[in-house]
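Quick note: residue numbers are just sequence positions, from 1.
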Amino acid sequence: MIQESGRSMIEMLGVLTIMGVITIGAIGMISTAMRTQKRTAVNDDVIQMVTGVRQLLGEFDDYSNINNATIFGAIGISNKNPYGGTYELMVNPANARQFIVAINGLSETDCQYFLTKAWSDSVGYQLSGGKNGGATGNCGAQNGQNTVQIIYGE
């Protein structure tokens with residue numbers, strides 16, 4: 001009597017199917033975690049930029065002396081964002097007592113997210129009584145070419 005030991009082809013296919021389902025679920029979770037991490041990093045960077053600009057230029061009556069290279073060097077962060085784009089700081093042409101933080105290089109979905117996010121310390125959010133997010137931008141460009149602008153100041 002010969003006793004055979006091993007797995008049948010059907011058992012192996014079952015195991016491979018289960019592993020495939022688990023892998024697909026893990027990829028989805030990793031993708032969501034990466035998107036959340038990038039959004040959190042941008043939020044933290046914007047808060048750090050706003051705080052830094054206010055500390056550096058708060059003694060002046062306006063923000064007309066904003067210089068991207070000087071500000072980013074003084075704050076100690078890079079002007080590169082997690083999406084492969086850049087951050088820009090500029091004076092608001094309509095009001096020198098305000099400055100604009102621009103987030104460049106966004107996908108359409110991330111652009112929409114940052115437009116609707118509540119930037120609670122921004123001029124737009126405060127003027128709307130908390131009804132609007134406080135950011136402006138156009139999210140209709142190709143992925144990686146969308147920009148969101150947030151105005152801070154008085």
* Closest heavy-atom pair and its distance - I150, S122 ->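 Looking at all heavy atoms of both residues, the shortest contact is CG2-CB, 3.5 Å.
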
* Structure fact -> E108 and N143 have their tightest heavy-atom pair at N-OD1, 3.0 Å

* To do: Cation-pi check, R97 to Y63: give yes when NZ or CZ is under 6.0 Å from the six-membered ring centre and within 45° of the ring axis, no otherwise.
  =>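 No cation-pi geometry.
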
* **Partner of T86 by side chain to side chain donor-acceptor pair (under 3.5 Å), out of N104, N81, N68** =>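 Only match with T86 under side chain to side chain donor-acceptor pair (under 3.5 Å): N104.
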
* Check the surroundings of atom CD1 in I10: do more than 12 heavy atoms from other residues, nucleotides or ligands lie under 6.0 Å from it? => no

* Got more than 12 heavy atoms from elsewhere within 6.0 Å of CE, M12? ->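 It does not: M12 CE has 12 such atoms or fewer within range.
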
* Between S128 (side chain) and Y125 (backbone), is there a donor-acceptor pair under 3.5 Å? ->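 Present.
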
* Counting distance only, does the side-chain N/O of S31 pair as donor-acceptor with the main-chain N or O of I27 below 3.5 Å? ->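 Checked: no pair found.
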
* Asked: Between T40 and N43, is any side-chain donor less than 3.5 angstrom from a side-chain acceptor?
  ->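 No pair is found: no donor N or O on one side chain lies under 3.5 Å from an acceptor on the other.
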
* Asked: Without hydrogens or angle criteria, can the side chains of Y87 and D45 be said to hold a donor-acceptor pair below 3.5 Å?
  -> yes

* Point-to-point distance, once rounded to the nearest 0.5 Å, from CZ of F99 to CE of M49 ->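 Answer rounded to 0.5 Å: 9.5 Å.
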
* Asked: Looking at OG1 of T136 and CD1 of I151, how far apart are the two atoms once the value is rounded to the nearest 0.5 Å?
  -> 5.5 Å

* To do: Quick one: sort the F114 and Y83 rings into parallel, tilted or perpendicular, breaks at 30° and 60°.
  => perpendicular

* Quick one: do D121 and R54 make a salt bridge, cutoff under 4.0 Å? -> yes

* Y152 pairs by side chain to side chain contact (heavy atoms under 4.5 Å, CB included) with which of N92, V46, I100? -> V46

